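Here the structure is a predicted model, which is why all the values come from computation and not from measurement.
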Amino acid sequence: MMSNITVCARFRPLSAKERKDSCDSICISSIDSESFIFKDEKDECTYSFDKVFYEESKQADVYEFLALPIVKDAVKGVNGTIITYGQTGAGKTYSVEGPSILECDVQKKGLLPRVVDGLFECIKSADESTKYTIKLSMVEIYMEKVRDLLDLTKDNIQIKENKEQEILLSGVTEITISDPEGALQSLSTEMNVGSSRSHCIYILTVQLESNTDKRVKTGKVILVDLAGSEKVEKTGAEGKVLEESKTINKSLSALGNVINALTCGPSTRSSHIPFRDSKLTRILQDALGGNSRTALLCCCSPSASNASETLSTIRFGMRAKHIKASPLVSRREDKHAKKHGDISPTKDESCDRILNKLRERLDDEDVKLLEELFILEGLFIDVTSVEDLESAYQDVTSWTISSLQQAVEELIYTVEELKRENKDLKARLADAERFDAMRKKTEDNAGVLLKISGIISFLFSWAGSFSPLKMPS
């Protein structure tokens, strides 16, 4: 069933600097738990979200409304994604982690440790005929590269799509966690490796295996802590920090473009959703446009000094409210019967196999053109299994179809433009022909008039040559 993603706004307390700079001046005022008034020097508007958390809100309130439904669905085999968005310093990290991932104060625990606790609590009360396994992965997107935080040697993880068109991180490290304490210890250790100038993504995968029919279901909880958006001219960033800020803002802009494309309806020129414009939007493809239950937490500063950034975050959330999602249970057959010892195809062999499949549907010349295009775009990647090969083939095919559709739509638009120009030219030509005909007709009429005028002049001249006759007396 189609449903809107859950979108909430959270306003943190004023910081000491904001109190000093703006004298406690704020740009929002509460109406109720779902609406507030935003006011700046230019405008005053009322905005409504699924839930609004003000500065007195508790961490537990945010978790129970935003994340708990997703946690409960994950142990049933339904994927879910929680995204935190907002400017730098708006309270995203506090919302995700709390003061510390191992913070002892239960009241201040953030979303991430609460999600871990919640998964294990749900498993405790689950059906005993089902075996549960929970795995953890952590990656960051830094300067448009996906880095594995559990294995730093994997600093350029590839993003793939499987047969079910689910987005996967190829070769990412997964560790099995058996209790909340061990999971939080791993998170605390590895999170120190991540950069504050990156998008951090935490993936908790719950595998459910039925002891009766050996069916396997998987559900994921993906928590995305986005790097903060910021105005470069306001922060005065230079050098490496400037480049990091530009890359972050570019990926967040790509995220905004995807949301605009998803919520604006069919375009007159193209229905293409630009998920491939950045690594961030590619990873979030399921969360925003596919098989996932999704929640967005927009973190904002209430200070009047940050009014423009807060308004930008609010508008982002309002647009995201209109995204439709259709989460489904992820099932697959038990693969214990799978043969072991298969030799992984080499990169060249994989390319050949993909091209051979394409030749079954396309002409040789078309396949050759596509091969050159794939190599140029770097789409051929090293695959290590038949499943990976199928995934790569599906990914390449999907990309090709999308690109060709876009090209066809561009051609249709160009043809329509040429038709309109041709119509205009025909109209102008017809006008010119009518003008020319009128000119010729005028010239012909002038010639006739000139002849008539000559005849009349001759007659008058001829008549004047006779003297008046004298009558007899």
Side-chain angles (χ1 to χ4, degrees), residues 5-10 12 53 59 62-63 66-67 70-71 79-103 108-119 136-150 157 167 169 172 183-184 186-205 220-230 244-245 247-252 254-256 259 278-284 286-288 292 294-301 309 313 316-317 320:
I5 73 172
T6 301
V7 183
C8 301
R10 188 179 194 183
R12 60 161 172 74
F53 301 100
Q59 294 278 65
V62 179
Y63 167 74
L66 197 75
I70 288 176
V71 170
N79 295 336
T81 303
I82 305 162
I83 305 170
T84 59
Y85 179 92
Q87 74 176 109
T88 300
K92 296 187 303 301
T93 301
Y94 179 80
S95 296
V96 173
E97 302 175 25
S100 167
I101 199 70
L102 294 175
E103 173 65 48
K108 296 180 180 179
K109 286 171 63 175
L111 286 170
L112 186 54
R114 290 177 188 274
V115 165
V116 172
D117 289 341
L119 287 174
L136 169 67
S137 299
M138 297 171 58
V139 299
E140 69 169 3
I141 305 174
Y142 176 71
M143 301 296 285
E144 276 303 287
K145 283 191 175 183
V146 182
R147 181 168 70 152
D148 190 335
L149 294 180
L150 294 175
I157 297 290
I167 299 300
L169 298 174
V172 71
L184 294 179
S186 297
L187 285 166
S188 177
T189 302
E190 303 304 333
M191 284 171 73
N192 293 328
V193 179
S195 168
S196 62
R197 310 296 303 163
S198 64
H199 307 298
C200 292
I201 301 171
Y202 312 99
I203 305 169
L204 290 153
T205 303
K220 292 182 180 180
V221 179
I222 302 174
L223 204 153
V224 183
D225 185 8
L226 296 176
S229 59
E230 59 185 38
E244 290 173 340
S245 298
T247 305
I248 290 168
N249 289 345
K250 184 178 179 181
S251 64
L252 292 175
L255 178 60
I259 288 178
S278 76
K279 297 292 178 66
L280 174 63
T281 51
R282 183 67 168 139
I283 290 176
L284 293 180
D286 285 341
L288 298 174
S292 180
T294 303
L296 172 66
L297 181 64
C298 296
C299 298
C300 307
S301 161
E309 290 88 343
T313 301
F316 179 90

For this session: Under the side-chain contact (heavy atoms from CB on, under 4.5 Å) rule, what do Leu136 and Leu187 come out as? Steps first, then yes or no, please.
Result: CA-CA 9 Å; Leu136 169 67; Leu187 285 166; 4.0 Å; yes
For this session: I would like to know whether Val172 and Ile203 meet side-chain contact (heavy atoms from CB on, under 4.5 Å); could you show each step before the answer?
Result: CA-CA 10 Å; Val172 71; Ile203 305 169; 5.8 Å; no
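Partners of Ser251 under the side-chain hydrogen bond (donor to acceptor under 3.5 Å, both in side chains) rule, at least two apart in sequence or in another chain, are His199. Residues satisfying the side-chain hydrogen bond (donor to acceptor under 3.5 Å, both in side chains) criterion with Thr93, sequence neighbours excluded, are absent altogether.
In terms of modelled atom types and a separation under 3.5 Å, the side chain of Lys92 and the main chain of Gly86 share a donor-acceptor contact. A donor-acceptor distance shorter than 3.5 angstrom exists from the side chain of Asn79 to the backbone of Lys220, with no hydrogens or angles considered. Here the side chain of Arg114 pairs a donor or acceptor atom with the backbone of Lys109 at under 3.5 angstrom. Not a single donor-acceptor pair under 3.5 Å links the side chain of Glu97 to the backbone N or O of Gly110. In this structure, the side chain of Thr84 engages the main chain of Val224 through a donor-acceptor pair within 3.5 Å.
Residue Cys8 comes nearest to Leu66 through the heavy atom pair SG-CD1, 3.5 Å, listed as atom of the first residue, atom of the second, then distance. Residue Gly89 comes nearest to Arg12 through the heavy atom pair O-NE, 2.8 Å, listed as atom of the first residue, atom of the second, then distance.
You'll find the side chain of Pro113 reaches within 4.5 Å of the side chain of Ile101, heavy atoms only.
Side-chain contact, Ser292 with Thr81: a donor N or O sits under 3.5 Å from an acceptor N or O.
A salt bridge is absent between Glu144 and Lys279; no separation between the charged side-chain nitrogens and carboxylate oxygens falls under 4.0 Å.
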